[in-house]
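For reference, the structure discussed in these notes is given below.
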Amino acid sequence: RYGAAFIILAALLFLFLVLNICIGSVNIPVSEIPKMLWGNGADETFTDIVMGIRFPRAMAAAILGGGLALSGYLLQTFFHNPIAGPFTLGISSGAKLVVALVMVASLGNALHLSSWVMIMAAFIGSMICMGFVILMSKVTDQMSMLIVSGVMIGYICSAITDFVVTFADDADIVNLHNWSKGSFSGITWDNVVIMAIVVGITSVCVFLMSKPISAYQMGESYAQNMGLNVQLFRILLVLLSSILSACVTAFAGPVSFVGIAVPHLVKNLFGTAKPIIIPACFLGGSVFCLLCDLLARIMFAPTELSISTITAVFGAPVVIYIMIHRKKEKV
């Protein structure tokens, strides 16, 4: 079953990657792709479109989508709850707020921000909101109250961000506004390299923590009896999750529901919540975001929807299903 599930995810990843490259305002034949990759007589216009716009955007959707799904898996492990995620807990909104403040300040002073500065700003915002969520988790044992608190802090951060964006005065404010709604547009190869480094290293670290994660899922007492330093392990979960969600927010803005829906769908596909699904979560997030980005581009072309609009349409029903299913189990 595991092998078949991995094959399905890999096949879907390849399919949606090709579709994202070929479909758009200018449809490009699949036969042109090998020519572009090998530099063998491809049409120059097609090459400019694919290599300059569509391919880096598709790679960004795959990398960031996988990172966001992995971030959601870590948060669900941390809180022992399938409803936890970077969007519902307000972590993405916190990252969005700090990045927006830094971007507006740089625009006002004609400064050029590197991708690393954006990631650091998003990481700081993520950690601030994560700290608030952890404090709330110590005050209340009810996950529902924790989710409500996260949603409220998310609304506050989003309101401040919208206020800042509205009154910022710069020619690039349109790009800032689009980013604040969530979008993979405008990604360059330099951005792809940086996000691949950050997400790749972080994902490898998560995979190396498979055994501690498996022990932690059995309960904190069991993990301690197995020799795991639970306090240090929880700090690592928070840091790794925040880095992944910060990287996504820095480049694509807030992307909703991926961190909740994808881990749950992958768990159902594999029939387990064991750490074997860590790479599967990454693949599932990549597939999910590639599909949603494709729909965002082509549904009302030439008008492009924000990525969060599409992910919410598919992700929100999954969250509703999880909540209803959990309520039935308790009854």
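Throughout, numbering of the chain's residues begins at 1 and tracks the sequence. Below, each value reflects all heavy atoms present in this structure, side chains not excepted, and no hydrogens, waters or symmetry copies.
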Report the distance from atom CD1 of I8 to atom CG of L283, rounding to the nearest 0.5 Å.
-> 12.0 Å
Is any side-chain N of the basic residue among R54 and E32 closer than 4.0 Å to the acidic one's carboxylate O?
-> no
What do the steps show when you test T45 against D48 for side-chain hydrogen bond (donor to acceptor under 3.5 Å, both in side chains), and what is the final call?
-> CA-CA 5 Å; T45 303; D48 290 340; 5.8 Å; no
Side chains of Y73 and F282 in contact at under 4.5 Å (non-hydrogen atoms) = no
Going by the angle between their ring planes, with limits at 30° and 60°, are Y216 and F233 parallel, tilted or perpendicular?
-> tilted
Taking the side chain as C-beta and beyond, is there a heavy-atom pair between L244 and V198 under 4.5 Å?
-> no
Would you check if the side chain of S308 reaches a backbone N or O of P254 as a donor-acceptor pair within less than 3.5 Å?
-> yes
Got a second to check how far E304's CD is from D293's CG, nearest 0.5 Å?
-> 6.5 Å
Check: R297 side chain, L305 main-chain N or O, donor-acceptor pair, under 3.5 Å = no
Kindly indicate whether the side chain of C289, heavy atoms from C-beta on, has any atom under 4.5 Å from the side chain of V258.
-> yes
Search all heavy atoms of C281 against all heavy atoms of V262 and return the closest pair with its distance.
-> O-CG1, 3.8 Å
Measure across M51 and W189 and return the closest heavy-atom pair with its distance rounded to 0.1 Å.
-> O-NE1, 2.6 Å
Heavy atoms only: give me the nearest I187-A60 pair and the separation to one decimal.
-> CG2-CB, 3.7 Å
Are any side-chain N or O atoms of S241 and backbone N or O atoms of L237, one a donor and one an acceptor, separated by less than 3.5 Å?
-> no
Where is the tightest heavy-atom contact between A215 and A223, given as atom of each residue plus distance?
-> O-CB, 3.9 Å
Could you check if a side-chain atom of L295 sits within less than 4.5 angstrom of a side-chain atom of V313, using non-hydrogen atoms only?
-> no
Ignoring hydrogens and angles, tell me if any N or O in the side chain of S245 forms a donor-acceptor pair with the backbone of S242 under 3.5 Å.
-> yes
Donor-acceptor contact present, side-chain T311 to main-chain S256, <3.5 Å = yes
Find out whether F288 and F314 are in side-chain contact, i.e. whether some heavy atom of one side chain is under 4.5 Å from a heavy atom of the other.
-> yes
Quick one: do L239 and F78 end up in the same hydrophobic cluster if we chain Ile, Leu, Val, Met, Phe, Trp and Tyr together by side-chain heavy atoms under 4.5 Å apart?
-> yes
Is it true that F6 and F270 have ring centroids separated by less than 6.0 Å?
-> yes
Evaluation steps, side chain to side chain contact (heavy atoms under 4.5 Å, CB included), between I278 and L70 | CA-CA 7 Å; I278 288 176; L70 208 52; 3.7 Å; yes
Is there a side chain to side chain contact (heavy atoms under 4.5 Å, CB included) between M127 and V238 once you walk through the steps?
-> CA-CA 8 Å; M127 289 304 296; V238 169; 4.1 Å; yes
So, do I33 and V50 sit near enough that their side-chain heavy atoms are less than 4.5 Å apart?
-> no
Co-membership, hydrophobic cluster, residues V206 and L208, 4.5 Å side-chain | no
May I have the step-by-step check of side chain to side chain contact (heavy atoms under 4.5 Å, CB included) for C157 and C129, ending in yes or no?
-> CA-CA 9 Å; C157 291; C129 285; 4.1 Å; yes
Start with the C-alpha distance between V255 and L64, add both sets of side-chain angles, then the distance that settles side chain to side chain contact (heavy atoms under 4.5 Å, CB included), and finish with yes or no.
-> CA-CA 10 Å; V255 181; L64 298 181; over 6 Å; no
Donor + acceptor pair across side chains of T309, S306 (<3.5 Å) | yes
Main-chain N/O of G259 paired to Q76 side chain as donor or acceptor, under 3.5 Å = yes
Gap separating the CE atom of M226 from the NZ atom of K211, nearest 0.5 angstrom | 9.5 Å
Does S214 use its side chain to pair, donor to acceptor, with the backbone of S210 at less than 3.5 Å?
-> no
How long is the span from the CG atom in L17 to the CG atom in L294, to the nearest 0.5 Å?
-> 11.0 Å
Hey, any chance M120 and L97 share a hydrophobic cluster, counting ILVMFWY side chains that come within less than 4.5 Å of each other, even indirectly?
-> no
N20 side chain to F16 main-chain N or O, any donor-acceptor pair under 3.5 Å?
-> yes
Looking only at non-hydrogen atoms, find the nearest pair between G125 and V98 and report the distance.
-> CA-CG2, 3.4 Å
Scanning both residues in full, the closest heavy-atom pair of A100 with T161 reads CB-CG2, 3.6 Å
In one Ile/Leu/Val/Met/Phe/Trp/Tyr side-chain cluster, 4.5 Å: F184, L15 | yes
Please round to the nearest 0.5 Å and tell me the distance separating atom CG of L290 and atom CZ of R57.
-> 10.5 Å
More than 12 heavy atoms from other groups under 6.0 Å of CE on M152 = yes
Quick one: does F46's side chain get under 4.5 Å of P29's, heavy atoms only?
-> yes
Just by distance, do the side chain of N27 and the backbone of I23 share a donor-acceptor pair under 3.5 Å?
-> no
Transitive ILVMFWY side-chain link L240 to I128, under 4.5 Å | no
Euclidean distance, S126 OG relative to F123 CZ, rounded to 0.5 Å = 7.5 Å
Side chains of I63 and S286 in contact at under 4.5 Å (non-hydrogen atoms) | no
Please say whether more than 12 non-hydrogen atoms of neighbouring residues, nucleotides or ligands are located less than 6.0 Å from OH in Y2.
-> yes
